[in-house]
Chemist: 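Dropping a structure here in structure tokens format, bear with me for questions.
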2 protein chains.
Amino acid sequence: MYSDSEENYLKAIFHLERFAEEGVTTNAIAEQMQTKASSVTDMLKKLSDKKLVNYIKYQGVTLTNQGKKTAAAIIRKHRLWEVFLVEKLDFSWDEVHEIAEQLEHIESDLLIEKLDKHLDFPKFDPHGDPIPSKEGTFPERDKVLLSEMKVGETGVCVGVKDTSSSFLKYLDKNGIALGKKIEVLEHEEFDDSLHIQLGSATMVISHMIASNLYLKTN
Amino acid sequence: MYSDSEENYLKAIFHLERFAEEGVTTNAIAEQMQTKASSVTDMLKKLSDKKLVNYIKYQGVTLTNQGKKTAAAIIRKHRLWEVFLVEKLDFSWDEVHEIAEQLEHIESDLLIEKLDKHLDFPKFDPHGDPIPSKEGTFPERDKVLLSEMKVGETGVCVGVKDTSSSFLKYLDKNGIALGKKIEVLEHEEFDDSLHIQLGSATMVISHMIASNLYLKTN
DNA sequence: AAATAAATTTAGACAAGACTAAAAAAGTAA
DNA sequence: TTACTTTTTTAGTCTTGTCTAAATTTATTT
Ligand SMILES: [Mn+2]
Ligand SMILES: [Mn+2]
Ligand SMILES: [Mn+2]
Ligand SMILES: [Mn+2]
């Protein structure tokens with residue numbers, strides 16, 4: 001239906017649109033996609049011709065409904081494959097993104113339906129990101145950054161903001177994983193580091209870390 | 001490493017090479033790939049530059065060792081994915097080829113290693129075709145076409161020669177599947193049809209069918 | 001309101017992979 | 001051996017997706 005490149009642009013615009021109040025800018029897309037602004041302009045014209053984006057010269061783009069639906073479908077595939085890689089093939093959560101980037105372009109509705117069933121209809125991927133339904137709606141979940149929690153509060157890890165390999169490996173090394181319970185014991189004013197209770201252990205965590213970890217508080 | 005198109009050409013040449021005494025001809029490749037002879041010539045030059053084929057103008061091509069190794073790796077991926085689709089996702093054997101055609105181009109050695117393990121290191125795909133090892137060697141298996149068996153002989157279905165959806169569906173409909181035991185009861189001289197014993201049932205099978213079904217005789 | 005800077009688009013080029021039409025080589029028949 | 005046929009290659013074109021360099025538009029300063 002759509003080329004890999006077109007799909008990647010749609011995905012990039014979709015992600016950028018959530019933080020943009022106006023249209024998404026050419027430069028923002030170029031940076032996200034690691035490409036040149038002129039290449040972006042070329043592609044925006046093509047996507048516009050195909051009614052996937054609303055594009056007015058010099059004014060950035062927004063996705064059309066068709067564009068949003070298509071982007072959601074690609075994200076759905078990406079995240080389902082990530083679940084597969086971690087749950088079934090025993091990959092660790094820092095290894096799956098690049099492979100999912102390829103797998104997300106495999107074209108077969110039946111395949112995704114069967115994969116979804118095989119994985120028992122997961123709602124969140126290995127990084128805690130929501131998996132959109134076939135219809136394109138994203139499951140919501142209350143979550144808050146660890147850095148925004150007050151001393152004495154308790155929560156369960158449900159996601160990461162930064163999904164870089166180095167951050168995920170740091171969490172692994174320190175025994176922090178999705179599903180783990182954390183209590184904020186103490187807040188260090190000087191550098192905003194936190195003392196936390198993790199299972200039976202207690203540890204100190206920098207603000208950098210705490211501001212990239214999502215918890216669900218009850 | 002190599003583009004999807006290059007990989008597809010290598011695969012086509014690999015399959016054609018097994019029935020060609022001389023080099024594989026341009027026209028044969030064009031037919032196999034559903035493309036034009038001129039496109040084939042273009043690609044043969046590229047593959048030759050990359051030392052994947054031995055190509056002399058007007059004399060057809062053969063794969064180099066590097067070409068053979070690469071082709072085997074792609075076939076390995078294709079067939080492992082087919083096993084996955086049938087064994088884990090519950091596809092039927094007539095639905096998997098097109099999807100495997102896409103999945104075979106996913107690039108990750110680790111993925112294939114883990115998939116292989118997940119599937120418990122299968123040696124044959126859902127159609128009975130051998131899955132080459134990581135090193136590129138194909139497992140052998142004694143097998144004979146049902147049409148070449150003598151009256152009274154017994155064997156177990158281990159593969160199909162024709163893998164078209166219509167043939168596979170015919171087999172499904174008639175309860176013929178890999179692993180099933182078949183005995184040749186009678187040979188009809190007039191049209192070479194066969195009366196066979198399949199489990200507790202007896203049935204008549206045309207020569208067309210019998211000459212596309214491989215059995216292992218003990 | 002100019003002048004300057006930044007963002008964006010256009011123009012022109014290139015590589016990959018395909019095609020058509022024409023030329024060249026190889027094979028076959030008279 | 002010459003004529004005809006088939007196969008293969010070459011020449012030139014097209015599309016997709018990318019790039020650089022230049023032009024244009026928009027935004028920000030003085
Ligand atoms: Mn990812
Ligand atoms: Mn993810
Ligand atoms: Mn197949
Ligand atoms: Mn097969």
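Every chain is numbered from 1, with letters handed out A, B, ... down the list of sequences. Side chains included, hydrogens not; waters and symmetry mates left out as well; all remaining heavy atoms used.
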Chemist: Nearest whole Å is fine: how far is C:dG17 P from B:H105 NE2?
Modeler: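 So the NE2-P distance, B:H105 to C:dG17, works out to 12 Å.
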Chemist: Whole angstrom is fine here: how far is it from CG in B:N8 over to P in C:dA18?
Modeler: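 Distance check: B:N8 CG to C:dA18 P gives 9 Å.
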Chemist: In whole angstroms, how far is the C1' atom of C:dA13 from the NZ atom of A:K36?
Modeler: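 So the two atoms are 16 Å apart, to the nearest Å.
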Chemist: Any side-chain to backbone donor/acceptor pair from A:T64 onto A:L52? Under 3.5 Å, distance only.
Modeler: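 Looks like yes, one N/O pair under 3.5 Å.
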Chemist: B:K46 NZ to C:dA18 C1': how many Å, rounded?
Modeler: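 The distance from NZ of B:K46 to C1' of C:dA18 comes to 8 Å, rounded to the nearest Å.
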Chemist: Closer than 4.0 Å, any side-chain N/O of A:K45 to the OP1 or OP2 of C:dT10?
Modeler: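 It does, given that an N or O in the side chain of A:K45 lies less than 4.0 Å from OP1 or OP2 of C:dT10.
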Chemist: Roughly how many Å is it from CE in A:M1 to C1' in D:dT16, rounded to a whole number?
Modeler: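 For the pair A:M1 CE and D:dT16 C1', the rounded distance is 18 Å.
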Chemist: What contact category does B:T41 fall into here, base, sugar-phosphate, or nothing, at under 4.0 angstrom with non-hydrogen atoms?
Modeler: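 It contacts base atoms.
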Chemist: Using nucleotides 22-27 of chain C, report all nitrogen or oxygen pairs with the protein that are shorter than 3.5 Å.
Modeler:
| residue | atom | partner | partner atom | Å |
| --- | --- | --- | --- | --- |
| C:dA25 | O4' | B:Y58 | OH | 3.3 |

Chemist: For the pair B:H78 and B:H97, name the ring-plane relationship: parallel under 30°, tilted 30 to 60°, perpendicular over 60°.
Modeler: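 Rings of B:H78 and B:H97: tilted, as their planes differ by 30° to 60°.
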Chemist: Taking only N and O in the side chain of B:S5, is any of them less than 4.0 Å away from OP1 or OP2 of C:dA16?
Modeler: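 So the side chain of B:S5 is outside the cut-off, no N or O lying under 4.0 Å from OP1 or OP2 of C:dA16.
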Chemist: In the structure I gave you, are the side-chain heavy atoms of A:I75 and A:D129 within less than 4.5 Å of one another anywhere?
Modeler: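 A:I75 vs A:D129: side chains apart.
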Chemist: Between C:dG17 atom P and B:M43 atom CE, what is the distance in whole Å?
Modeler: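 One finds 5 Å between P of C:dG17 and CE of B:M43, rounded.
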Chemist: Kindly say if A:S39 contacts the phosphate of D:dC19, meaning a side-chain N or O under 4.0 Å from OP1 or OP2.
Modeler: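 For D:dC19, OP1 or OP2 has a side-chain N or O of A:S39 closer than 4.0 Å.
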Chemist: What pair of heavy atoms forms the shortest contact from A:L215 to A:V158, and how long is it?
Modeler: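 Taking A:L215 first and A:V158 second, the nearest heavy atoms are C-CG2, 3.9 Å.
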Chemist: Suppose we call two aromatic rings close when their centres sit under 6.0 Å apart. Are B:F14 and B:F138 close by that rule?
Modeler: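 For B:F14 and B:F138, the ring centres are under 6.0 Å apart.
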Chemist: Under 4.0 Å, heavy atoms only, any strand: does B:T26 hit a base, just the sugar-phosphate, or nothing?
Modeler: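 It contacts sugar-phosphate atoms only.
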Chemist: Check this one for me: any side-chain N or O of A:Y9 less than 4.0 Å away from OP1 or OP2 of D:dT18?
Modeler: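 For D:dT18, OP1 or OP2 has a side-chain N or O of A:Y9 closer than 4.0 Å.
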Chemist: Is there a side-chain contact between A:N27 and the phosphate of C:dA6, meaning an N or O under 4.0 Å from OP1 or OP2?
Modeler: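 No.
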Chemist: Can you find a donor-acceptor N/O pair under 3.5 angstrom joining the side chain of A:S38 to the base of D:dT20?
Modeler: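 For A:S38, whose side chain was compared with the base of D:dT20, there is a donor-acceptor pair (under 3.5 Å).
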Chemist: Which atoms form the tightest heavy-atom contact between A:E104 and A:W81, and what is the distance?
Modeler: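 In terms of heavy atoms, the two residues are closest at N-CD1, 4.2 Å.
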Chemist: Can you check whether B:S3 has a side-chain N or O nearer than 4.0 Å to OP1 or OP2 of C:dG17?
Modeler: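 So the side-chain polar atoms of B:S3 do come within 4.0 Å of the phosphate oxygens OP1 or OP2 of C:dG17, strictly under.
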Chemist: Take atom CD of B:E22 and atom P of D:dT8, then tell me their distance rounded to the nearest Å.
Modeler: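 Going from B:E22 (CD) to D:dT8 (P), I get 13 Å.
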Chemist: Select from A:K50 and B:T25 the residue whose nearest nucleotide in DNA chain D is closer to the 5' end of that strand.
Modeler: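 Per heavy-atom nearest nucleotide, the more 5' residue is B:T25.
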Chemist: Tell me whether the side-chain N/O atoms of A:Y55 come closer than 4.0 Å to OP1 or OP2 in C:dT9.
Modeler: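 Answer yes for this pair, as a side-chain N or O of A:Y55 is under 4.0 Å from OP1 or OP2.
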Chemist: A:A37 side chain: which of C:dT9, D:dT8, D:dC19 is closest?
Modeler: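 Shortest atom-to-atom distance from the side chain points to C:dT9.
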Chemist: In terms of ring plane angle, is the pair B:H118 and A:F84 parallel, tilted or perpendicular, where the classes change at 30° and 60°?
Modeler: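 Aromatic pair B:H118/A:F84 classed perpendicular.
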Chemist: Mind calculating the distance between CE (B:M33) and P (C:dG17) to the nearest angstrom?
Modeler: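 Whole-Å distance recorded here is 11 Å.
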Chemist: Tell me whether B:D116 is salt-bridged to B:R76, with the criterion being a basic N under 4.0 Å from an acidic carboxylate O.
Modeler: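 A salt bridge links B:D116 with B:R76.
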